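Some notes on the structure that comes next.
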Amino acid sequence: MATYKNVNYLEKSSSEAFDQDHGPGATAPFAGIYRCMGCHREIGIASKHVLPPQGHHAHTQAQGSIRWRLIVYADHDPK
Ligand SMILES: [Zn+2]
């Protein structure tokens, strides 16, 4: 699970971007931390980079396919 120490660096959001799953090899729409919804592995990725492919890690049958979901958005361009 993603962790943090200082709450001042994170902000709660209700954006639908956090509800969408992305397939292996898809382009990450946002920079940040993505979680595999099958096994809960997490990765960090830059905006517009390609999410890890299907063979990135192994799943059991019960874990299903790799589905990446944005769990923490990284702001590349703070105002
Ligand atoms: Zn996984």
Side-chain angles (χ1 to χ4, degrees):
M1 181 169 293
T3 57
Y4 65 94
K5 183 172 185 179
N6 190 328
V7 70
N8 294 323
Y9 301 146
L10 293 175
E11 182 175 65
K12 176 88 170 135
S13 169
S14 59
S15 171
E16 293 180 0
F18 295 100
D19 302 326
Q20 297 164 2
D21 290 347
H22 306 277
T27 299
F30 300 101
I33 299 173
Y34 285 76
R35 174 184 178 99
C36 175
M37 300 309 290
C39 69
H40 304 166
R41 178 187 301 250
E42 296 163 350
I43 60 157
I45 193 164
S47 177
K48 307 305 180 196
H49 283 213
V50 175
L51 291 160
Q54 184 62 47
H56 180 252
H57 59 279
H59 273 187
T60 65
Q61 190 97 18
Q63 289 171 327
S65 61
I66 293 176
R67 291 103 55 207
W68 297 111
R69 183 177 296 185
L70 180 68
I71 61 169
V72 178
Y73 167 74
D75 190 354
H76 278 358
D77 188 24
K79 300 292 185 269

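This one's a predicted model, so the numbers in the text were calculated from it and none came from an experiment. Hydrogens, waters and symmetry mates are skipped; everything else that's a heavy atom, side chains included, is used.
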Single-linkage hydrophobic cluster Leu70~Ile43, side-chain heavy atoms < 4.5 angstrom: yes
NE2 on His22 to CE on Met37, rounded to 0.5 Å: 11.0 Å
Which atom of Gln63 lies closest to which atom of Cys39, heavy atoms considered: NE2-CB, 3.4 Å
Test item: Pro24 and His56 side chains (from C-beta on) under 4.5 Å apart, heavy atoms: no
Heavy-atom side-chain proximity of Met1 to His40 below 4.5 angstrom: no
OG-CG distance between Ser47 and Asp75, expressed to the nearest 0.5 angstrom: 11.0 Å
Step-by-step side-chain contact (heavy atoms from CB on, under 4.5 Å) determination, Val50 to Ile45: CA-CA 8 Å; Val50 175; Ile45 193 164; 5.8 Å; no
Non-hydrogen side-chain atoms of His57 and Ile66 separated by less than 4.5 Å: yes
Exam field: side chain Trp68 to backbone Glu42, donor-acceptor pair closer than 3.5 Å: no
Heavy-atom side-chain contact between Leu51 and Tyr34 under 4.5 Å: yes
Hphob cluster co-occupancy, Val72 + Val7, side-chain heavy atoms under 4.5 angstrom: yes
I'd like a table of donor-acceptor pairs (distance under 3.5 Å, sequence neighbours excluded) in which one partner is a side-chain atom from residues 8-19, with atom names and distances.
| residue | atom | partner | partner atom | Å |
| --- | --- | --- | --- | --- |
| Asn8 | ND2 | Asn6 | OD1 | 3.1 |
| Ser13 | OG | Ser15 | N | 3.1 |
| Ser15 | OG | Ala17 | N | 3.1 |

Worked check of side-chain contact (heavy atoms from CB on, under 4.5 Å) between Ser65 and His59: CA-CA 7 Å; Ser65 61; His59 273 187; 5.8 Å; no
